[in-house]
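I have placed the structure first, in the form of structure tokens, so that the comments after it can refer back to it.
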There are 2 protein chains.
Amino acid sequence: MAEKPRRRTQAERSAGTREALLSAAIETLHEHGYAATSTMLVAEKAGVSRGAMLHQFRTKADLMTFVVEAVFEEELERYAEHLRGMADPEQRLLAFSEMAWDVLSRPSGVAVLEILQGSRSDPHLCEKLAPVQTRIEEQALAFTHLAAPGDTRGAMAVMRLIVWAIRGLSIAQVLAPVPGSVKDSVKVLRRLIEAGLETGVLSVRSQEDI
Amino acid sequence: MAEKPRRRTQAERSAGTREALLSAAIETLHEHGYAATSTMLVAEKAGVSRGAMLHQFRTKADLMTFVVEAVFEEELERYAEHLRGMADPEQRLLAFSEMAWDVLSRPSGVAVLEILQGSRSDPHLCEKLAPVQTRIEEQALAFTHLAAPGDTRGAMAVMRLIVWAIRGLSIAQVLAPVPGSVKDSVKVLRRLIEAGLETGVLSVRSQEDI
DNA sequence: TATGTAACGGTCAATCCTGCTTGTAAATGT
DNA sequence: ACATTTACAAGCAGGATTGACCGTTACATA
């Protein structure tokens with residue numbers, strides 16, 4: 001009758017439960033926020049026993065760290081896809097705010113933000129996340145190529161502004177009763193960047209005297 | 001020896017403990033985030049017995065709501081002070097980002113953001129906060145006078161962008177290992193607004209076709 | 001002064017969450 | 001084929017948090 005209920009290989013099983021836990025964690029974080037994201041809830045939503053979860057992620061901090069890392073990998077791919085065939089730095093900068101909105105306003109982006117924010121409440125998680133965080137910021141900066149190699153500080157300021165403006169707006173969106181209207185602000189940001197490029201404030205070559 | 005240990009009046013005593021709890025809550029939220037802000041911790045830090053706290057704020061949600069409201073009142077005053085004698089709408093808009101940074105990056109501003117974010121984890125708090133939140137946004141909009149009376153939607157988009165960009169950056173600041181560097185981004189925002197005004201993207205008169 | 005009311009201090013039960021431990025079955029490696 | 005490692009299930013203990021319940025004291029007012 002039924003196919004041999006072939007047990008999957010170990011690696012497959014591991015990957016399966018980790019994937020299920022990842023999705024469930026993202027969903028829970030997106031929906032209920034960090035404070036209400038207990039490991040029990042996540043395991044239950046993932047359809048995984050608490051024992052299994054505990055085997056894969058010994059502590060809650062481990063699970064959260066995994067989520068941050070996994071989502072970041074996925075985000076990088078998404079950025080890369082958006083930027084494919086966009087060589088002009090100015091064009092990249094112009095597209096950046098809407099790109100970032102696409103990437104960061106998704107449930108996974110909100111989930112990561114919840115974790116970052118929530119990490120402040122858990123020293124253990126905090127120190128596990130510290131290296132990941134700096135690595136992310138470095139890679140994000142290198143990846144965007146927003147400025148000439150020389151001006152790290154200016155490029156960092158611009159990148160941070162855009163990223164955190166978008167993150168802020170993504171909070172506004174989940175908090176707002178009518179989520180749609182937030183995107184207007186993203187467009188305003190894009191226009192501001194256009195204006196900045198026109199007037200030379202955002203020269204992609206240098207960003208000296210801030 | 002000692003002065004008569006005159007017992008304060010009832011109203012004074014109430015106000016005293018509420019004030020102490022307010023400060024302690026802000027401090028705890030700013031320092032450890034929402035998840036780690038237990039009522040016990042707050043009471044302890046305020047030097048108030050749990051019984052007293054429970055008398056003033058029957059539930060945790062009550063305390064949090066009080067914090068949001070009290071801080072907002074204080075923020076309004078701060079804004080008013082900044083804007084005193086600044087009648088020109090363009091000038092107001094120019095000053096807005098740095099004003100907002102002054103007001104929102106303070107511990108109380110971070111605390112409110114923590115509460116808003118944390119409210120998603122607590123339906124009870126969520127519904128208590130909903131009316132407060134819309135009231136705040138309305139008043140903020142009316143208060144800033146960023147656009148001509150006609151164009152509510154455009155003004156809202158601009159106001160939201162600035163406010164949430166600043167809020168996002170204030171998160172970045174508490175998360176960052178070296179907090180100082182975040183302010184660069186605030187200056188970039190100011191420059192972008194200048195540029196937007198120059199090129200007419202941010203006309204204070206109208207903000208039609210977004 | 002006497003009575004009602006408000007602030008307060010301390011303790012309690014119920015709940016929830018986390019991480020540990022034990023036990024089982026399957027897959028992997030020799 | 002056997003030994004070892006890995007994935008999983010389930011129960012358990014410790015700790016923390018919340019909100020409620022007493023009793024006590026001081027203020028307020030008649």
Side-chain angles (χ1 to χ4, degrees), chain A residues 3-22 24-25 28-29 32-67 115 118-119 121-126 128, chain B residues 3-22 24-25 28-29 32-67 115 118-119 121-126 128:
Chain A
E3 279 280 322
K4 271 181 192 169
R6 264 275 285 121
R7 182 97 170 214
R8 293 166 302 166
T9 179
Q10 299 287 64
E12 282 170 344
R13 303 207 311 162
S14 266
T17 60
R18 288 169 87 92
E19 170 62 33
L21 287 169
L22 176 64
T28 311
L29 284 163
H32 301 107
Y34 180 87
T37 300
S38 68
T39 58
M40 275 198 308
L41 239 177
V42 173
E44 193 178 345
K45 187 169 290 195
V48 164
S49 76
R50 272 182 50 66
M53 176 174 67
L54 215 56
H55 178 71
Q56 296 292 342
F57 303 102
R58 199 128 58 73
T59 75
K60 185 177 180 178
D62 286 330
L63 173 60
M64 294 298 146
T65 306
F66 176 72
V67 171
I115 293 175
S119 75
S121 297
D122 180 354
H124 187 201
L125 174 57
C126 209
K128 269 185 117 57
Chain B
E3 278 280 321
K4 271 182 192 169
R6 265 274 285 118
R7 183 94 169 211
R8 294 163 300 165
T9 177
Q10 300 284 64
E12 282 170 343
R13 302 207 312 162
S14 269
T17 60
R18 289 169 87 92
E19 170 62 32
L21 287 169
L22 175 64
T28 310
L29 285 164
H32 304 293
Y34 180 86
T37 300
S38 68
T39 58
M40 274 197 307
L41 238 177
V42 173
E44 192 178 345
K45 188 170 291 196
V48 164
S49 75
R50 272 181 54 67
M53 175 174 68
L54 218 55
H55 177 71
Q56 297 292 342
F57 304 102
R58 200 127 58 72
T59 73
K60 184 177 181 178
D62 286 329
L63 173 59
M64 294 298 146
T65 306
F66 176 71
V67 171
I115 294 175
S119 74
S121 297
D122 182 353
H124 187 202
L125 175 56
C126 208
K128 269 187 117 57

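Atoms considered below: every heavy atom in the structure, side chains included; atoms not considered: hydrogens, waters and symmetry mates. Because the structure is a prediction, the values reported are computed rather than measured. Residue numbers begin at 1 in each chain, while the letters A, B, ... track the order of the sequences.
Remark: A:Thr39 OG1 to A:Leu63 CG distance equals 8.5 Å, nearest 0.5 Å.
Distances shorter than 4.0 Å separate none of the side-chain N or O atoms of B:Ser14 from OP1 or OP2 on C:dA6. Distances shorter than 4.0 Å separate none of the side-chain N or O atoms of A:His55 from OP1 or OP2 on D:dC8.
A straight line from CE of A:Met40 to C1' of D:dA10 spans 14 Å, rounded to a whole angstrom. Atoms CE (A:Met53) and P (C:dC20) sit 12 Å apart, rounded to a whole Å. In this structure, CG of B:Leu21 is placed 13 Å from C1' of C:dA7, rounded to the nearest angstrom. The separation between A:Glu44 atom CD and C:dC17 atom P is 10 Å, rounded to whole Å. Residue A:Arg18 contributes atom CZ, which lies 13 Å from atom C1' of D:dT6 at whole-angstrom precision. Separating the CG atom of B:Asp122 from the C1' atom of C:dC16 is a distance of 14 Å, rounded to the nearest angstrom.
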Starting from the C-alpha separation in whole Å, work towards a yes-or-no answer on side chain to side chain contact (heavy atoms under 4.5 Å, CB included) for B:Met64 and B:Phe57. CA-CA 9 Å; B:Met64 294 298 146; B:Phe57 304 102; over 6 Å; no
CA sep, side-chain torsions, deciding dist, call: A:Gln56, A:Val48, side chain to side chain contact (heavy atoms under 4.5 Å, CB included): CA-CA 11 Å; A:Gln56 296 292 342; A:Val48 164; over 6 Å; no
Polar pairs (N or O, both sides) under 3.5 Å between protein and nucleotides 28-30 of chain C?
residue	atom	partner	partner atom	Å
C:dT28	OP1	A:Thr9	OG1	2.1
C:dT28	OP1	A:Gln10	N	3.4

Pairs under 3.5 Å (N/O, protein and nucleotides 19-21 of chain D):
residue	atom	partner	partner atom	Å
D:dG19	OP2	B:Lys60	N	3.2
D:dG19	N7	B:Arg50	NH2	2.6
D:dG19	O6	B:Arg50	NH2	3.0

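The side chain to side chain contact (heavy atoms under 4.5 Å, CB included) search around B:Thr59 returns B:Ala61, B:Asp62, B:His124, not counting sequence neighbours. With sequence neighbours excluded, the residues satisfying side chain to side chain contact (heavy atoms under 4.5 Å, CB included) with B:Thr65 are B:Glu69, B:Leu125, B:Lys128, B:Leu129, B:Val132. With sequence neighbours excluded, no residue satisfies salt bridge (charged side-chain N to carboxylate O under 4.0 Å, His left out) with B:Lys60. Residues meeting the side chain to side chain donor-acceptor pair (under 3.5 Å) test with A:Lys45, sequence neighbours left out: none.
Checked against C:dT18, D:dT6, C:dA7, the side chain of B:Gln56 finds its nearest nucleotide in C:dA7. Nearest nucleotide to the A:Ser49 side chain, out of D:dA9, C:dC8, C:dC17: D:dA9.
Closest approach of B:Ser121 and A:His32 over heavy atoms only: OG-O, 2.6 Å. The nearest pair of heavy atoms linking A:Ala24 to A:Val42 is CB-O, 3.6 Å.
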